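Please read the structure below before turning to the comments.
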There are 2 protein chains.
Amino acid sequence: MPRRPAYDRESALSRAISLFWEKGYHGSSMKQIEEALDMRPGSIYATFGSKDGLYLEALTRYAAAGGSELAEHMADYDSIVDGLQDYLRNIAVSCTQKGVAPSRACLIVKTLLESSNIHAGLSEQAQAILKAIEQSFEELLEQAKERGELKERTKPDRLARLLQSQIMGLRSIAERNLPDEELVGLGEDMAQILDAYRA
Amino acid sequence: MPRRPAYDRESALSRAISLFWEKGYHGSSMKQIEEALDMRPGSIYATFGSKDGLYLEALTRYAAAGGSELAEHMADYDSIVDGLQDYLRNIAVSCTQKGVAPSRACLIVKTLLESSNIHAGLSEQAQAILKAIEQSFEELLEQAKERGELKERTKPDRLARLLQSQIMGLRSIAERNLPDEELVGLGEDMAQILDAYRA
DNA sequence: TTATAACTTGAATGACCATTCAAAAACAGA
DNA sequence: TCTGTTTTTGAATGGTCATTCAAGTTATAA
């Protein structure tokens, strides 16, 4: 009986991520969203409820993709610390590749900074996501410690936060349009921070 | 002959900094600016030209204040590395103090992330300011190296970038509303990164 | 006191904002 | 083919955006 939607929800969200990531929350108008998703306002509102609803769903999907990416990356490594070091290096390298991502900075951090003090819903969601990411780093580091990769005095929760702040700093500073080799060097220097924690 | 302005330009800019720092560029409407500066649109436009003009001037003044703060802080230290380590620790501590600053994140970084891809003027100004800050770190580290505080293989330009990214990460992650002790611990961990570069 | 120049005011501007909704179109089952 | 339900469309909504400007106000110098 019912007519089925013409759009593909997944591809709509993927386009929304690109737009929001590139231009931010306030920088993305409904007009631009309509064009990016190739949907008219009625369909967008029927599907996602509001601009905020779409943004929240896009942000959550972006975070989930990032989580999968981390898990897939780590699967290639026997040593967790080696894996995390290369993870940092890879971020720096990927920031040098133009046209791959809509922005070098992290969408979650962009959201956190843009929404703080003015949009509680977005800010809380960004905070919750970052907390979950920190937790997944902490679990990895806990595991690394159990395996004897890390010094006994290493606190996985503290190192997890240090690691997260490295990534936030790296991807934020990448918006400065530094020469490629400087960004890659910075990724290397950040990776080497972890050496101080090795057993 | 001429009537003199009723407002105080410096205090107007200081109020503008507070508002922009708290709410961001898009989050601060002209109506809010009028209220914060206690000025009517005509006066604001006659004085600063436009919202962008006001924002740029506020941003520049904010950066200048930050630069003075760094210089004053470093004046208290014989050892540059000690000074920089305490600088990081102090940032973390000041992020735990509520009601002091309008936001824990850095206004320059907020500007950089909010304006990238949508507002070339703001983005370029933020980039130029961050470059100047990096340079002042580099000069300090160059001096530290000459004094023998740092390992001979230390590259001041690379360490300056690493330092700047630490501050960006620290102040950004502070927007997550972490418990005070966790933020202070992170500041300490960041300070200790510098130990690896000591001679 | 008067003339003059600068500053302040606040209503008006047109553009753009997110959102709504009635009508048209399209599909699935009978 | 017809019916019923859902989706799509796009014009319309009311609000807010940054900005302008003519008129009113105020201080200074003559």
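Within every chain, numbering begins at 1; the chains are lettered A, B, ... in the order of the sequence lines, protein sequences first and strands thereafter. Below, all heavy atoms of this structure are taken into account, side chains as well, without hydrogens, waters or symmetry copies. In this text the structure is predicted, and so the values were computed from the model without any measurement.
Nucleotide C:dT19 holds its P atom 14 Å from the CZ atom of A:Phe48, rounded to whole Å. In this structure, A:Leu19 atom CG and C:dA18 atom C1' are separated by 15 Å, rounded to whole Å. Between the CD atom of A:Glu35 and the C1' atom of C:dA18 there is a distance of 17 Å, given to the nearest Å.
The cationic atom of B:Lys51 (NZ for Lys, CZ for Arg) lies less than 6.0 Å from the six-membered ring centre of B:Tyr25 and within 45° of the ring axis.
Below 30°, between 30° and 60°, or above 60°: for B:His73 and B:Tyr87 the angle between ring planes is between 30° and 60°, a tilted geometry. Between A:Tyr62 and A:Trp21, the ring planes are perpendicular. Angles over 60° get that label, and only those under 30° would be called parallel.
With hydrogens and angles left out, the side-chain atoms of A:Gln164 and B:Arg176 include a donor and acceptor closer than 3.5 Å. Under 3.5 Å, the side chains of B:Glu188 and B:Gln192 contain a donor-acceptor pair of N or O atoms.
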field: Contact state string [nucleotides 9-19 of chain D, B base, S sugar-phosphate only, - no protein heavy atom under 4.0 Å]
entry: BBB-----SSB

